[in-house]
Amino acid sequence: CIVEAAQQVIAPASLVPNRTLIPQQAESARLVIHAAPTDRAEAEFVVHTVEQLVGGSGFFSRDSRRVTAEPDQAVAFADIAILYRTDQQAAVLEEALQRSGMPYQRRGHERLTQGPAVQALLRTMEALPGESSPLQRLEAALASAAAEGTALPDEATVAALRTLAAASRDMADFADRLALAADVDLWDARADRISLLTLHAAKGLEFPVVFITGCEDGLLPFTWGRDTASAAERDEERRLLFVGMTRARRRLFLTHVHRRWWRGAWRAMEPSPFLQEIQENLLERQHAATRRRPRDASTQMELF
């Protein structure tokens with residue numbers, strides 16, 4: 001189902017007419033399209049579904065009957081990727097994962113030098129006197145930041161910086177090496193963690209289970225604040241969704257919301273038009289249950 005659906009999505013923008021993709025594994029389950037009221041509800045759906053897939057991240061999950069998967073049917077955290085179009089979408093997903101206690105690693109396609117903590121370290125390294133090596137300067141900068149209580153990059157980033165500094169002849173060589181390093185280069189395939197990745201960063205990777213969140217008009221295709229994208233931009237966005245869909249080997253979940261906190265305001269969102277390309281026989285549609293608000297005491301009927 002995944003391969004067939006991906007071909008239907010890419011067909012209007014395919015660079016190879018009548019292209020046919022043949023799956024290398026047994027037929028996958030139908031794609032799930034889940035509609036959530038808000039981005040927070042979307043994140044909670046993802047977390048709840050992950051709990052079902054992994055067989056529970058703790059005793060509470062099983063005792064509360066939130067999890068029904070048997071151990072032999074469960075997947076590992078490393079088997080799961082949560083993809084999104086923009087880095088801004090990741091924050092609410094991280095919050096939900098942190099509340100659940102699930103391990104994850106978040107990576108994007110931006111350069112390592114774009115991180116503010118990395119930029120602060122580089123400024124400190126450049127300001128240090130003497131002719132010490134890049135690695136010595138890095139260690140001194142890290143020690144200074146720790147002593148001052150300054151925010152440090154995450155452990156994977158620090159390890160990558162040490163590797164680059166140790167291989168560099170001088171600061172100019174270190175700067176050249178760092179300029180070519182991207183955040184996604186730090187993604188660890190051996191870690192038993194859920195992967196949070198932008199669609200761009202997911203290129204070349206595969207996972208048994210993939211969630212693509214934010215499948216909404218304005219996000220996917222991304223319009224950059226304009227009402228519509230150009231034909232060329234729209235085709236490129238379509239190809240990006242195709243890439244995301246084909247990262248999944250066994251299960252694929254596509255989610256969208258009715259309202260999203262976006263660019264400082266709540267905005268009504270419509271499903272991505274790309275989803276309309278997928279035939280219904282390949283889909284399982286889900287809608288989040290709406291909670292009924294309790295009636296205000298002042299509006300309740302009086303009995304006497």
Give, for atom [atom1] of [X] and atom [atom2] of [Y], the distance between the pair rounded to the nearest 0.5 Å.
{"X": "E237", "Y": "S272", "atom1": "CD", "atom2": "OG", "answer": "9.0 Å"}
{"X": "M269", "Y": "D217", "atom1": "CE", "atom2": "CG", "answer": "7.5 Å"}
{"X": "S195", "Y": "R247", "atom1": "OG", "atom2": "CZ", "answer": "13.0 Å"}
{"X": "K203", "Y": "L240", "atom1": "NZ", "atom2": "CG", "answer": "6.0 Å"}
{"X": "T246", "Y": "L241", "atom1": "OG1", "atom2": "CG", "answer": "9.0 Å"}
{"X": "R260", "Y": "D39", "atom1": "CZ", "atom2": "CG", "answer": "5.0 Å"}

Within the 4.5 Å heavy-atom criterion, are [X] and [Y] side-chain neighbours or not?
{"X": "L199", "Y": "F222", "answer": "no"}
{"X": "R239", "Y": "I10", "answer": "yes"}
{"X": "L142", "Y": "T124", "answer": "no"}
{"X": "L178", "Y": "L161", "answer": "yes"}
{"X": "E51", "Y": "M102", "answer": "yes"}
{"X": "T198", "Y": "D87", "answer": "yes"}
{"X": "E95", "Y": "R40", "answer": "yes"}
{"X": "R251", "Y": "I2", "answer": "no"}

#### Entry: Residue pair R249, E206: steps toward the salt bridge (charged side-chain N to carboxylate O under 4.0 Å, His left out) verdict
CA-CA 7 Å; R249 293 201 295 264; E206 285 190 342; 3.8 Å; yes

Residue pairs meeting ring pair (Phe, Tyr, Trp, His ring centres under 6.0 Å), one or both in residues 146-176, sequence neighbours left out, come to none

Ignoring hydrogens, what is the shortest heavy-atom contact between [X] and [Y]? Give both atom names and the distance.
{"X": "V158", "Y": "P153", "result": "CG2-O, 3.7 Å"}
{"X": "Q7", "Y": "F242", "result": "N-CE1, 4.4 Å"}
{"X": "L138", "Y": "A165", "result": "CD2-CB, 4.1 Å"}
{"X": "A140", "Y": "L128", "result": "CB-CD1, 3.7 Å"}
{"X": "L219", "Y": "G214", "result": "CB-O, 3.6 Å"}
{"X": "Q8", "Y": "Q279", "result": "OE1-N, 2.9 Å"}

Using the side chain to side chain contact (heavy atoms under 4.5 Å, CB included) rule, take L31 and F253 through it: C-alpha gap first, then chi angles, then the decisive distance, then the call.
CA-CA 6 Å; L31 284 66; F253 299 83; over 6 Å; no

[X] with [Y], same ILVMFWY side-chain cluster at under 4.5 Å:
{"X": "V118", "Y": "M171", "value": "yes"}
{"X": "V75", "Y": "V47", "value": "yes"}
{"X": "V54", "Y": "V32", "value": "yes"}
{"X": "W261", "Y": "L220", "value": "no"}
{"X": "L53", "Y": "F77", "value": "yes"}

Is there a donor-acceptor pair under 3.5 Å between the side chain of [X] and the backbone N or O of [Y]?
{"X": "T150", "Y": "A146", "answer": "no"}
{"X": "E139", "Y": "Q136", "answer": "no"}
{"X": "S168", "Y": "D170", "answer": "no"}
{"X": "R137", "Y": "M125", "answer": "yes"}
{"X": "Q119", "Y": "T113", "answer": "yes"}
{"X": "D79", "Y": "A76", "answer": "yes"}
{"X": "D192", "Y": "A78", "answer": "yes"}
{"X": "T213", "Y": "L83", "answer": "yes"}

(request) Test R123 against E126 for salt bridge (charged side-chain N to carboxylate O under 4.0 Å, His left out), laying out the working first. (result) CA-CA 5 Å; R123 288 193 295 269; E126 292 286 355; over 6 Å; no

Subject >> Worked check of side chain to side chain contact (heavy atoms under 4.5 Å, CB included) between L275 and C215 >> reply: CA-CA 8 Å; L275 300 182; C215 294; 4.1 Å; yes

Check your understanding: Does a side-chain N-to-carboxylate-O contact under 4.0 Å join E44 and R99?
Key ->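 Judged by the 4.0 Å cut-off on N to carboxylate O distance, E44 and R99 do form a salt bridge.
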
Once the angle between the rings of F211 and F45 is folded into 0 to 90°, is it parallel (under 30°), tilted (30 to 60°) or perpendicular (over 60°)?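 Plane angle over 60°, so perpendicular.
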
Which of L282, L252, I278, N281 passes side-chain contact (heavy atoms from CB on, under 4.5 Å) with C1? Answer is L282

Exactly one of E233, R85, R234, R238 clears side-chain contact (heavy atoms from CB on, under 4.5 Å) with P221, and that residue is R234

Quick one about Q52 and T49 (side-chain donor to acceptor, distance below 3.5 Å, no hydrogens or angles considered), yes or no?
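Per modelled atom types, T49 and Q52 side chains form no pair under 3.5 Å.
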
E216 and V257: CA distance, side-chain angles, deciding distance, side chain to side chain contact (heavy atoms under 4.5 Å, CB included) verdict | CA-CA 7 Å; E216 298 139 28; V257 306; 3.3 Å; yes

How about R177: does its CZ atom have over 12 heavy atoms from other parts shown lying under 6.0 Å from it?
yes

Would you please test Y84 and T255 for side chain to side chain contact (heavy atoms under 4.5 Å, CB included) and show each step?
-> CA-CA 10 Å; Y84 37 82; T255 66; over 6 Å; no

